[in-house]
Amino acid sequence: MAEKLTKQSNDYSRWYQEVVQRGDLADYAPVKGCMVIKPYGYALWENMQRELDRMFKETGHVNAYFPMLIPESFLAKEAEHVEGFSPELAVVTHAGGKKLEENYVIRPTSETIIWDTYKKWIQSHRDLPILVNQWANVVRWEMRTRLFLRTTEFLWQEGHTAHATADEAQEETLRMLEVYRCFSEDYMAVPVLTGVKTDREKFAGAVRTYCIEALMGDKKALQAGTSHNLGQNFAKAFDVTYLSSEDKREHVWATSWGVSTRLVGALVMAHGDDAGLVLPPRLAPHQMVMVPIYRSDEEREATMGACKKLEAELKAAGVRVKIDDRDHLRPGFKFAEWELKGVPLRVEVGPRDVASEQVVLAQRHSREKAPHPMGSLAADAPRILEEIQRSIFEKAKAFRAENSHRVDTWDDFLGTLNEKGGFLYAHWDGTTETEATIQEKTKATIRCIPLDDDVEDGACILTGKPSARRVVFARAY
RNA sequence: CGGGGCGUAGCGCAGCUCGGUUAGCGCGCCUGCUUCGGGAGCAGGAGGUCGGAGGUUCGAAUCCUCUCGCCCCGACCA
């Protein structure tokens, strides 16, 4: 703990790993690509879950749980789906000491088992819509893993809905995209672009994939969430039909949408600095930590007494506060540790403060430190926390604005990508071939076709062919 | 799967080229004293059989063979 973190500017990737591990978010597990999510990291995830779950329920969804093991044959029913996921499946071949008649795959996502189930649930238009979400773990055997960003097993939520009409499914897809956008911006304080994925980047089995894309501190993009319009692909693959009010048999229309523990990684890389994590107050496990400072037993009693009184007031005011009463550690050590862990507010209470009825209030994001009257701390803290929440969101937005560029020529594209990074708004001829060529040449991918971008005629940066709008390119995680 | 690196104490490493007493160092841990408003100091102490298997040898962390695993970079992905 005595050692300094690697600076972001020296080695961003190493900085990230150190922050995640030393900040007590997660650690490596014995199996390749797997991680142990430690209590502090899990508390952060739980806070995310709580808000997301509330938002899902507010939009009419209910939770359910489907099994982790899926018969291998289910995956094969939807052609694109099986092609997309086969390479990364973990397969159970033996159980109970015997070789299985049919292999089971550990779910990489649950569309197939859910649509097999929905077939039984859906008979009539009166059974629709079905608006179900599940919180679960999934396994994808990725080549290259990184803590939180891409782990072999990860936690997520996956919503799976069934609708009577294409319009309803499309509405649902966009509704959940909007839920994700709100969550990311209002709770994580991470500004995101909303857009449509190109065919090359869309979910295996979807008609259309929408996404939220965030910009990380190293100017690389991160896909933070996806919402898929599945059309009738899974309904047809699993033969899920309903009788309409006109007594006609129709295939149902579907969506699925998900966000994962990757969001924890997004939070780390969107706000973190050379001192460690910077957590947004709305999600921070501890919004405030109090560090009592003392020498003698009398001073200890006095400062701890003041801390406890403040703690009661703050809790009553709805602040998630913790007193760091560890006796064997000195204050300076605690300051550094809580900064590493990104706690938004730190309160220092020493003998001098007790005497003058004040505390020292330190803000993590700005690293500012100033005295604050004890008497008004509890009343002021919620407002200060909200100001911090807004402030780090504004900072992230400004960072994204500085790192978003409009480029019109191939040279400009290459130069900007290599020298500046960030989001590049450029014209593209709309073909998968061009997209692939650009990726081969530059490692940049089309992150999305933004929803809110103005339509504008132009010429493709690579081929010069006509383009009706700009798309967003970036190097991505 | 291709390229690179690494497995020696809880963590980070040295030792290995050129085999040789009880395998070192830093951090952390335990005890005590002094400290405590920005990552404490001193003293004492516990802890490893060197990833695994086999081989060479009087003798292997060190040499040889095989093997397992992890990390980093790339292609694949939430």
Side-chain angles (χ1 to χ4, degrees), chain A residues 1-5 11 13-14 16-18 21-22 27-35 83-89 107-109 136-158 180 197 200-204 206 209 211-214 221-228 256-266 275-276 291-297 299-300 303 324 326-340 346-356 358-360 362 367 369 371 436 439-440 443 445 476-477:
Chain A
M1 190 60 69
E3 282 173 46
K4 292 249 186 275
L5 275 176
D11 186 342
S13 173
R14 190 161 161 201
Y16 175 80
Q17 296 211 24
E18 286 181 7
Q21 287 178 84
R22 289 171 52 181
D27 204 353
Y28 290 102
V31 176
K32 173 182 161 58
C34 291
M35 66 173 170
E83 194 187 329
F85 282 104
S86 284
E88 53 191 62
L89 293 178
R107 63 182 163 214
T109 179
N137 57 341
V138 290
V139 168
R140 297 182 186 176
W141 218 263
E142 303 287 357
M143 296 298 177
R144 185 150 150 49
T145 57
R146 290 165 71 88
L147 293 169
F148 286 111
L149 297 181
R150 190 176 302 104
T151 46
T152 300
E153 177 187 6
F154 58 93
L155 306 184
W156 76 345
Q157 59 69 217
E158 44 181 330
Y180 289 155
K197 285 291 186 191
R200 184 178 161 82
E201 298 277 330
K202 80 174 168 65
F203 177 74
T209 290
C211 64
I212 53 173
E213 288 284 329
L222 182 77
Q223 179 173 307
T226 46
S227 183
H228 314 291
S256 70
W257 27 273
V259 294
S260 71
T261 35
R262 169 179 273 192
L263 291 181
V264 175
V291 179
I293 298 159
Y294 49 83
R295 272 169 263 234
S296 61
D297 282 350
E299 283 180 355
R300 181 172 196 281
T303 55
D324 187 349
R326 290 175 295 176
D327 206 23
H328 61 293
L329 297 174
R330 294 157 79 255
F333 182 93
K334 294 179 180 178
F335 297 167
E337 185 179 83
W338 291 116
E339 280 167 10
L340 172 63
R346 181 180 72 242
V347 167
E348 306 171 13
V349 184
R352 295 203 296 269
D353 301 306
V354 174
S356 57
Q358 62 159 41
V359 297
V360 172
R367 317 211 68 184
K369 208 162 148 169
Q439 183 176 358
E440 276 161 34
K443 290 180 197 155
T445 49
Y477 277 97

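Lettering of chains follows the sequences in order, A, B, ..., and the numbering in each one begins at 1.
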Do [X] and [Y] come close enough that some side-chain heavy atom pair is under 4.5 Å?
X: A:Trp141; Y: A:Thr152; answer: yes
X: A:Phe154; Y: A:Arg262; answer: no
X: A:Arg346; Y: A:Val291; answer: yes

Hey, can you tell me if A:Phe203 and A:His228 have their rings parallel, tilted or perpendicular (30° and 60° cut-offs)?
parallel
**Request:** Check whether the side chain of A:Glu337 and the base of B:G39 form a donor-acceptor pair under 3.5 Å.
**Result:**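 Result: no qualifying N/O pair found.
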_I'd like to know if A:Arg346 reaches the base of B:G38 with its side chain such that a donor and an acceptor end up less than 3.5 angstrom apart._
yes
[N] [atom2] sits how many Å from [X] [atom1], rounded?
X: A:Ile293; N: B:G37; atom1: CD1; atom2: C1'; result: 5 Å
X: A:Phe333; N: B:U35; atom1: CZ; atom2: C1'; result: 16 Å
X: A:Asp353; N: B:C36; atom1: CG; atom2: P; result: 16 Å
X: A:Asp327; N: B:U34; atom1: CG; atom2: P; result: 14 Å
X: A:Arg330; N: B:G41; atom1: CZ; atom2: C1'; result: 9 Å
X: A:His328; N: B:U35; atom1: NE2; atom2: C1'; result: 15 Å
X: A:Arg352; N: B:G37; atom1: CZ; atom2: P; result: 10 Å
X: A:Leu329; N: B:G28; atom1: CG; atom2: P; result: 11 Å

With sugar-phosphate meaning primed atoms plus P, OP1 and OP2, does [X] contact a base, only sugar-phosphate, or nothing at under 4.0 Å between heavy atoms?
X: A:Lys197; result: nothing
X: A:Val360; result: base
X: A:Gly258; result: nothing

With sugar-phosphate taken as primed atoms, P, OP1 and OP2 and all else as base, the protein-contact string of nucleotides 71-78 of chain B at under 4.0 Å (heavy atoms; B, S, -) is SSSBBBBB
Okay, side chain of [X], backbone of [Y]: is any donor-acceptor separation there less than 3.5 Å?
X: A:Tyr294; Y: A:Val349; result: no
X: A:Glu299; Y: A:Arg295; result: yes
X: A:Glu142; Y: A:Thr151; result: no

If you look at every heavy atom in [X] and [Y], which pair is closest and at what distance?
X: A:Phe85; Y: A:Pro108; value: CD2-CB, 3.8 Å
X: A:Pro351; Y: A:Ile293; value: CD-O, 3.3 Å
X: A:Ala476; Y: A:Thr445; value: CB-OG1, 4.2 Å

If you measure from the [atom1] atom in [N] to the same atom in [M], how many Å do you get, rounded?
N: B:G19; M: B:C63; atom1: P; answer: 9 Å
N: B:A46; M: B:G38; atom1: C1'; answer: 31 Å
N: B:C27; M: B:G44; atom1: P; answer: 14 Å
N: B:A40; M: B:A14; atom1: P; answer: 27 Å
N: B:G15; M: B:G7; atom1: P; answer: 10 Å
N: B:C29; M: B:G10; atom1: P; answer: 15 Å
N: B:C50; M: B:G24; atom1: P; answer: 15 Å
N: B:C73; M: B:U35; atom1: P; answer: 48 Å

All N/O contacts under 3.5 Å from nucleotides 4-11 of chain B to the protein, with atom names and distances to one decimal?
none

Output row for RNA chain B, stems defined as at least 3 consecutive Watson-Crick or G-U pairs under 3.5 Å, is B:1-7 with B:68-74, B:10-13 with B:24-27, B:29-34 with B:40-45, B:51-55 with B:63-67
Checking side chain to side chain contact (heavy atoms under 4.5 Å, CB included) between A:Trp156 and each of A:Asn137, A:Thr109, A:Leu263, A:Thr261, which is the one that passes?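 Option passing the side chain to side chain contact (heavy atoms under 4.5 Å, CB included) with A:Trp156: A:Thr109.
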Salt-bridged, A:Glu337 to A:Arg326, with N to O below 4.0 Å?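 Yes, charged N to carboxylate O under 4.0 Å.
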Counting heavy atoms not belonging to A:Arg200, are there more than 12 under 6.0 Å from its CZ? yes
